[in-house]
Every structure is written in structure tokens, then in C-alpha cells.
Amino acid sequence: VGLHGSYLSAEEPLRLAAEKEELESLAGQVAGQRYHFLRIDPHANLAPLAGLGFQYDTTLGFADAPGFRAGITQPFRPWSEELGHPLPIVEIPLALMDTTLAVPQYLGLTAAQAEGRALALLDRAAELGGGFALLWHTNRFDPPTAAGWDRLYERILDGVLERGGVCVTAGELAAEAGEVLA
């Protein structure tokens, strides 16, 4: 289970802690999180995560464009300028978000128009031997309103397998990466 913190949690670690505690009271241990609207400041709001008990974060991506914001496709431990060493959390770079492709304020594409861009990015990640973290909102799976976004999600997952990849949860990937990065 991962936490999708509220809008203000990116600036208020105590709010994020309370949200994590509430979710854990309902669902058990919460290992990972993503800030709402991808509101990440890698130099400020990643450092508190380990102290709050998070093992990984999946926020580092672009809201307005597909691609790897950190410039790499592999999970990594974010560097802390303040501490002078990597943080004890795993960052799973976000490659693609449905909203980036679909909403008019960003790319405003239909699912059919977005497919080529999504698969080209998947090809690039495969060429680099990297990961491909995907953020797809649940409303994209509602049959009456999905408008093809549900099928594109399935096509991307099939594309991962066709390129020799595997599909795992963020928690599974973070645990594996954490062992390698230890």
C-alpha cells in the first residue's frame, strides 16, 4: 500500500505523517508515497520521508511531459546536499502519467494519439535497461468514460512484457532496488 498524500502534504511533513498514520490504521503498513500533483522539491521534501517511515517515493516525474525528470530510468537513492550522502529511501522515477497525456492543460491527446508517444518512451527505457514507472488514475478504467485509456494502459503493460520486462508493484521494485543500493 502506498500513500498519495494530500496537496499540502508536500510542504507539511506533519500532515503527511498524520495521513500515513490514518491510512495505516485502515490498511496496515504503508511503505511508499507519491506527492499530489507531483509536487516534489528533491532538495526539500524527500529528506523527511525516511524519518516518517517511508521506504520509497514515486513522485519524481514531469506533470506536463512524459520522460525521466532525473535523467535516469533506474531506481536510486536521492542525494541530500544537507547531509552530504544519499537519503535512506529509494526514488522510483516516474516515466509516464495518464494526466500528462490526456488533459488539455498538458498535452491534450486522445488515447489513440498518445499510444505512439507512450510506446516510444517505453522503447527508450528498454534500450537503457531501465524501469518504467507508470501512474494511471482509476477514472481511466471506468468503461463508460475510459475513452480508450484503459486499453492504452493494457497496451503499455503488454509492451513491457514484449520487450522482455516484468511488471511489478512500486513496493516490490523499491525492495529489490533497496537491496542492491544498500
Side-chain angles (χ1 to χ4, degrees), residues 1-16 18-20 22-23 30 32-49 54 56-76 78 89-128 130-160 167 169-171 173-174:
V1 173
L3 174 64
H4 185 36
S6 67
Y7 184 80
L8 294 177
S9 70
E11 299 164 358
E12 300 176 15
L14 292 177
R15 180 185 299 264
L16 186 63
E19 292 171 3
K20 180 178 187 275
E22 184 174 349
L23 182 56
V30 173
Q33 79 94 41
R34 177 182 300 115
Y35 287 119
H36 197 61
F37 283 110
L38 306 183
R39 298 185 71 226
I40 190 169
D41 177 349
H43 302 292
N45 62 10
L46 287 179
L49 297 180
F54 290 106
Y56 68 91
D57 174 77
T58 61
T59 309
L60 194 59
F62 294 111
D64 59 348
F68 298 95
R69 182 172 168 180
I72 61 173
T73 63
Q74 298 289 335
F76 64 96
I89 62 165
V90 174
E91 182 64 41
I92 300 174
L94 178 64
L96 185 62
M97 178 173 64
D98 60 344
T99 304
T100 303
L101 300 169
V103 300
Q105 72 196 54
Y106 298 136
L107 298 180
L109 304 173
T110 66
Q113 293 168 328
E115 184 172 349
R117 292 186 81 151
L119 296 179
L121 186 59
L122 184 57
D123 285 337
R124 184 68 179 141
E127 288 170 18
L128 297 170
F132 195 86
L134 187 60
L135 169 53
W136 227 250
H137 292 84
T138 54
N139 64 321
R140 304 277 183 222
F141 298 103
D142 180 41
T145 61
W149 292 101
D150 52 345
R151 291 186 303 279
L152 179 55
Y153 178 82
E154 292 170 6
R155 178 68 188 104
I156 293 169
L157 295 185
D158 289 343
V160 168
C167 297
T169 67
L173 181 58

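All values below were derived from every heavy atom in this structure, side-chain atoms included, with hydrogens, water molecules and symmetry-related copies excluded.
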*Measure the spacing between CG of D41 and OG1 of T59 and express it to the nearest 0.5 Å.*
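Atom-to-atom, D41:CG and T59:OG1 are 11.5 Å apart.
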_Gap separating the CG atom of L96 from the CG atom of L135, nearest 0.5 angstrom_ =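 That separation rounds to 8.5 Å.
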With [X] via side-chain contact (heavy atoms from CB on, under 4.5 Å) - residues at least two apart:
X    : result
N139 : H137
Y7   : H36, F37, R39
A70  : L60, I72, F76
E12  : L8, R15

Looking only at heavy atoms, what is the nearest atom pair of [X] and [Y], with distance?
X    : Y    : result
A174 : V90  : O-CG2, 3.9 Å
A111 : W149 : N-CZ2, 3.4 Å
P93  : A133 : O-CB, 3.1 Å
G159 : L122 : C-CD2, 3.6 Å
L152 : A114 : CD2-CB, 4.0 Å
G131 : A125 : O-CB, 3.6 Å

*asked:* Just to verify, what does T58 make a side-chain hydrogen bond (donor to acceptor under 3.5 Å, both in side chains) with, not counting sequence neighbours?
replied: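 Listed in chain order: R34.
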_Can you list everything that forms a side-chain hydrogen bond (donor to acceptor under 3.5 Å, both in side chains) with Q74? Sequence neighbours excluded, please._
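side-chain hydrogen bond (donor to acceptor under 3.5 Å, both in side chains) list for Q74, sorted by chain: empty.
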May I ask you to test the [X]-[Y] pair for a side-chain heavy-atom distance under 4.5 Å?
X    : Y    : answer
L38  : F62  : no
L173 : Y56  : no
Y35  : L49  : yes
N45  : I40  : yes
L101 : Q113 : no

*Apply side-chain contact (heavy atoms from CB on, under 4.5 Å) to the pair V160 and L134, showing each step before the final yes or no.*
CA-CA 11 Å; V160 168; L134 187 60; over 6 Å; no
*Can you name the residues that form a ring pair (Phe, Tyr, Trp, His ring centres under 6.0 Å) with Y153, not counting sequence neighbours?*
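Y153: ring pair (Phe, Tyr, Trp, His ring centres under 6.0 Å) contacts with W136, F141.
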*Under the side-chain contact (heavy atoms from CB on, under 4.5 Å) criterion, do K20 and F54 qualify, and how do the steps go?*
CA-CA 9 Å; K20 180 178 187 275; F54 290 106; 3.4 Å; yes
*Any donor-acceptor N/O pair, E19 side chain to S6 backbone, under 3.5 Å*: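 At least one qualifying donor-acceptor pair exists.
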*asked:* Between T100 and A63 (side chain of the first, backbone of the second, donor and acceptor by atom type, cut-off under 3.5 Å), is there such a pair?
replied: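 Looks like yes, one N/O pair under 3.5 Å.
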*asked:* Quick test of your reading: applying salt bridge (Lys or Arg N to Asp or Glu O under 4.0 Å), list the pairs with at least one residue in residues 133-152, sequence neighbours left out, ordered by first then second residue.
replied: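 Sorted pair list: D98-R140.
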*Pairs meeting criterion salt bridge (Lys or Arg N to Asp or Glu O under 4.0 Å) with involvement of residues 109-118, two or more places apart*: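 Counting only pairs at least two positions apart or across chains, the salt bridge (Lys or Arg N to Asp or Glu O under 4.0 Å) contacts touching residues 109-118 are E115-R155.
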*Kindly write out the residues that satisfy salt bridge (charged side-chain N to carboxylate O under 4.0 Å, His left out) with E154, not counting sequence neighbours, or none if the list is empty.*
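Not a single residue meets the salt bridge (charged side-chain N to carboxylate O under 4.0 Å, His left out) criterion with E154.
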*Quick one: list whatever passes salt bridge (charged side-chain N to carboxylate O under 4.0 Å, His left out) with D158, sequence neighbours left out.*
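Per chain and number, D158 pairs via salt bridge (charged side-chain N to carboxylate O under 4.0 Å, His left out) with no residue.
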*Derivation of the side-chain contact (heavy atoms from CB on, under 4.5 Å) call for L3 and L16*: CA-CA 9 Å; L3 174 64; L16 186 63; 3.6 Å; yes
*Does any pair with a residue in residues 61-73 pass side chain to side chain donor-acceptor pair (under 3.5 Å), and if so which ones, sequence neighbours excluded?*
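Output for this query is empty, none listed.
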*asked:* Does atom CD (E22) have a neighbourhood of more than 12 heavy atoms from anything else shown, all under 6.0 Å?
replied: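 Check fails, neighbour count at 12 or below.
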